[in-house]
Amino acid sequence: MTLVYFPPSRPQQSLARRYAQQLGQSAWQLALRFGKRTTIHGLDRLLGARASRCERFVWLCTFVSAFLGAIYVCLILSQRYNDGHFQTVVDSTRYPVYRIPFPVITICNRNRLNWDRLAQAKSRFLPNVTDDVQLNLFERIVSSYDDVHFGHFQSFERLRHQPTELLNHVNFSLVVDFMSWSCDELLSDCLWRHYGYNCCEIFSKRRSKNGLCWAFNSLETIEGRRMQLLDPMWPWRTGSAGPMSALSVRVLLQPDKHWPGRKNEKGIDVMVTEPFVWHKDPFYVPANTETLLEIEPIIYFYDNDTRGVSSAQRQCVFDDEHTSQDFKSLLGYVYMIENCQSECHQEYLVRFCNCTMDLLFPPGQYRSCRSQDLLCLAEHNDLLRYSHQPGEEGFVRNNFQGMFCKCYRNCYSLNYISDVRPAFLPPGVYGNYSYVDLDVHYRFETIMVYRTSLVFGWVDLMVSFGGIAGLFLGCSLISGMELAYFLCIEVPAYGIEGLRQRWRSHRKRATGNSSTDTPTLNFRQTMPSQLMEQYIMQLKTEQSQRKTLKQKAANLQNWQRLTFAHKHVISK
């Protein structure tokens, strides 16, 4: 008996529903498996195999409430971390001064030029020139350099209506260098820690925004870098404090060699900076004085945990943050706030006049100003004199336009707080000479060190997250690893194993259908279920009867064989 039935194709919706049901059952089995061995509190109750619906509802509400509470507190902690609040504490009160280099002491005569060398300069830079117009123009331009420093270019105003283009071929930077004061003309009687030195051995000529000056303990010049190679202690340091404990020098003014057309207060400008700083506003020291310059260093630094915060947020820049948008410095110089400001000032100079004063800045990529460009500096002097900081508009009334320079402090800052105390000498002491006796020393043998760190750093954030997870969910990092292992390893493995079993069963079914003699039975979906069950029962009955008959026939054959054998034995 063979019943053939061709089933109609099932709708796609019912097939998708069946797959969704199977997927839901598999997911529930995986969840029950995970709930049996997880260490997250509450999930073992929620996913328990014997838990009732009411119990699961209660634990579901409890777990969801705890999870949402943990997320809320974590968001508060994340906002606290992103705010990046800082705290500054005293890192040391007894840091010895010998651990830091002695500051760079730069000395400038307020009258920049030795006017006695004017005739030599004319013969050297204008050889074979007899034109009085060019000679007078040369003298006028050179005299304008006697008081030039950045933001004070008004002396070039006297070049208005002058044929300055006639001397464009003259490099006046070399002229000023030739006519500036030599070491022997400016410095004498140098002492370092009570030991006498030749001033020209420990001082070197360097550029600055004040013009050409002489610097002690400097690394910006070729002589200073050569001194560092010869002396491993350079730049020098001292561990003593008080008068005559560091640098002492006499600065000769020689007013009889100044340009006679300028009437100004005689004296010197002293600049105190840390190494690798191009310029800092100097102190004025009047002539004929015995001046004490006391220095009190202070160190401010940001620890490495603050590197995770942007430079704009912490208001400082590390010297190795070259990729930061707030990093700006002179060409070849490390980041310092003074170097950033100097570069900003030079950029404004180039913007206004398309050139730079190479006497005031280190060699770079900008064109040097020629004689015909000097009047432009005087015309923009008011804009170059004043400098403003971004953000001060709401607090400071600015009556003049100026430069806006966005420069943050360097995250490691060695500040030299200076106190200048001049004492005027009686005329009977200095006589016909004019000089300044300068004594530069530390005020104390120890300094203060201040450290700035984050109030809430990433370590505090991790600890807080762990405490919140333990408080609300009762889990730890190991619990997180369990969940990650379950999602990344067990769930894919379970899916792969299910697909593999389905493929094996499908292959076994296909192999069994091809090898059996039993006819393939196809039933229509519209056939009554009772008829199908009756046919199956009848088919099973027929198969069992066939097996019984075969067994009886086999038993009969065995009985006959045994009986024949027995008779044969008896007959013998």
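Computed from a prediction, not measured in an experiment: that's the story for all the values here.
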Problem set entry | cation_pi(Arg307, Phe318) dist<6.0 Å, angle<=45 | yes
Problem set entry | Heavy-atom closest pair, residues Leu252 and Asp184 | CD1-O, 4.4 Å
Seminar exercise, completed: Only residue of Glu343, Glu338, Glu347 satisfying salt bridge (charged side-chain N to carboxylate O under 4.0 Å, His left out) with Lys328 is Glu347
For this session: Write down the atom of Met336, the atom of Pro275, and the distance for their closest heavy-atom approach.
Result: CE-O, 3.9 Å
Exercise. With side chains defined as the heavy atoms from C-beta onward, is the minimum distance between Leu219 and Pro235 less than 4.5 Å?
Worked result: yes
Exercise. Which of these passes side chain to side chain contact (heavy atoms under 4.5 Å, CB included) with His169: Asn171, Leu166, Leu167?
Worked result: Leu167
Exercise. Considering residues, nucleotides and ligands other than Tyr284, do more than 12 of their heavy atoms fall under 6.0 Å from its OH?
Worked result: yes
Problem set entry | Trp278 and Tyr333 aromatic ring geometry - parallel, tilted or perpendicular at 30°/60° bounds | perpendicular
Seminar exercise, completed: One should read off an interatomic distance between Thr238 OG1 and Tyr442 OH, to the nearest 0.5 angstrom, of 7.5 Å
For this session: Give a yes/no on whether the SG-to-SG distance for Cys353 versus Cys376 is below 2.5 Å.
Result: yes
Exercise. Sulfur to sulfur, is the gap between Cys199 and Cys190 shorter than 2.5 Å?
Worked result: yes
Exercise. Does the pair Tyr435 and Leu425 meet the rule for a side-chain contact (heavy atoms from CB on, under 4.5 Å), with working shown?
Worked result: CA-CA 10 Å; Tyr435 59 87; Leu425 300 173; 3.7 Å; yes
For this session: Can you sort out the partners of Arg160 under side chain to side chain donor-acceptor pair (under 3.5 Å), two or more places apart, ordered by chain and number?
Result: Glu157
Exercise. Given the rule in the side-chain contact (heavy atoms from CB on, under 4.5 Å) test, do His345 and Leu384 qualify, once you have shown the distances and angles that lead to the verdict?
Worked result: CA-CA 8 Å; His345 295 170; Leu384 298 171; over 6 Å; no
For this session: Check the surroundings of atom CG in Leu230: do more than 12 heavy atoms from other residues, nucleotides or ligands lie under 6.0 Å from it?
Result: yes
Problem set entry | Interatomic spacing from CG in Leu212 to CG in Asn109 - rounded to 0.5 Å | 12.5 Å
For this session: Identify whether the distance between the nearest side-chain nitrogen and carboxylate oxygen of Asp437 and Arg250 falls below 4.0 Å.
Result: yes
For this session: Ignoring hydrogens and angles, state whether a donor on the side chain of Asn111 or Asn264 is under 3.5 Å from an acceptor on the partner side chain.
Result: yes
For this session: Give the ring-plane orientation class for Tyr386 versus His388, where under 30° counts as parallel, over 60° as perpendicular and anything between as tilted.
Result: parallel
Exercise. Looking at side-chain heavy atoms only, is the closest gap between Ser453 and Asp305 below 4.5 Å?
Worked result: no
Problem set entry | Rounded distance (nearest 0.5 Å) linking atom CG of Leu174 with atom CZ of Phe172 | 11.0 Å
Problem set entry | Minimum heavy-atom distance Leu247-Asp439, with the two atoms named | O-OD1, 3.4 Å
Problem set entry | Atom pair CE/CZ of Met179 and Arg117 - distance to nearest 0.5 Å | 7.5 Å
Exercise. What are the two closest heavy atoms between Val334 and Ser329, and how far apart are they?
Worked result: O-OG, 2.9 Å
Problem set entry | Tyr348 six-ring face occupied by Arg351 cation (under 6.0 Å, within 45°) | yes
Problem set entry | Inter- and intrachain pairs under disulfide bond (SG atoms under 2.5 Å apart), touching residues 202-282, at least two apart | Cys108-Cys213
Exercise. Roughly how far, to the nearest 0.5 Å, is CG of Asp147 from CG of Leu113?
Worked result: 10.0 Å
Problem set entry | Under-4.0 Å salt bridge between Lys205 and Asp177 | yes
Seminar exercise, completed: Between the OH atom in Tyr302 and the CG atom in Leu454, the distance rounded to the nearest 0.5 Å is 10.0 Å
For this session: Could you tell me whether the side chain of Gln346 reaches within less than 4.5 Å of the side chain of Leu330, counting heavy atoms only?
Result: yes
Problem set entry | Side-chain heavy-atom pair Arg451, Phe301 within 4.5 angstrom cut-off | yes
Exercise. How far apart are the C-alpha atoms of Phe456 and Leu77, what are their side-chain angles, what is the distance that settles it, and do they pass the side-chain contact (heavy atoms from CB on, under 4.5 Å) test?
Worked result: CA-CA 9 Å; Phe456 194 76; Leu77 294 176; 4.1 Å; yes
Exercise. Can the ring centres of Phe156 and Tyr145 be said to be less than 6.0 Å apart?
Worked result: yes
Exercise. Under the side-chain contact (heavy atoms from CB on, under 4.5 Å) criterion, do Cys355 and Arg370 qualify, and how do the steps go?
Worked result: CA-CA 8 Å; Cys355 65; Arg370 297 178 296 179; over 6 Å; no
Exercise. Is the shortest distance from a Lys or Arg side-chain nitrogen in Glu265 or Arg110 to a carboxylate oxygen in the other one below 4.0 Å?
Worked result: no
For this session: Would you please classify the geometry between the Trp234 ring and the Phe216 ring as parallel, tilted or perpendicular, with 30° and 60° separating the classes?
Result: perpendicular
Exercise. Counting only N and O atoms by type, is there a donor-acceptor contact under 3.5 Å from the side chain of Arg367 to the main-chain atoms of Thr356?
Worked result: no
Exercise. Which word best sums up how the rings of Phe150 and Phe361 line up, parallel for under 30°, tilted for 30 to 60°, or perpendicular for over 60°?
Worked result: perpendicular
Seminar exercise, completed: All heavy atoms of Ile337 vs all of Arg409, minimum pair found to be CD1-CG, 3.8 Å
Seminar exercise, completed: Tightest non-hydrogen contact, residues Val436 and Ala287, listed as CG2-CA, 3.9 Å
For this session: Look only at the side chain of Ser248 and the backbone of Met244, and say whether a donor-acceptor pair between them is shorter than 3.5 Å.
Result: no
Problem set entry | Heavy-atom check, side chain of Gln389 versus side chain of Phe395, under 4.5 Å | no
Exercise. Would you say Asp460 and Tyr81 make side-chain contact, with heavy atoms under 4.5 Å?
Worked result: no
For this session: Specify whether Trp236 and Tyr197 have parallel, tilted or perpendicular ring planes, treating 30° as the upper limit for parallel and 60° as the lower limit for perpendicular.
Result: tilted
With a cut-off of 3.5 Å and sequence neighbours excluded, list every side-chain donor-acceptor pair involving residues 130-139.
from	atom 1	to	atom 2	distance (Å)
Asp131	OD1	Val133	N	3.2
Asn136	ND2	Asp132	O	3.0
Glu139	OE1	Lys122	NZ	3.4

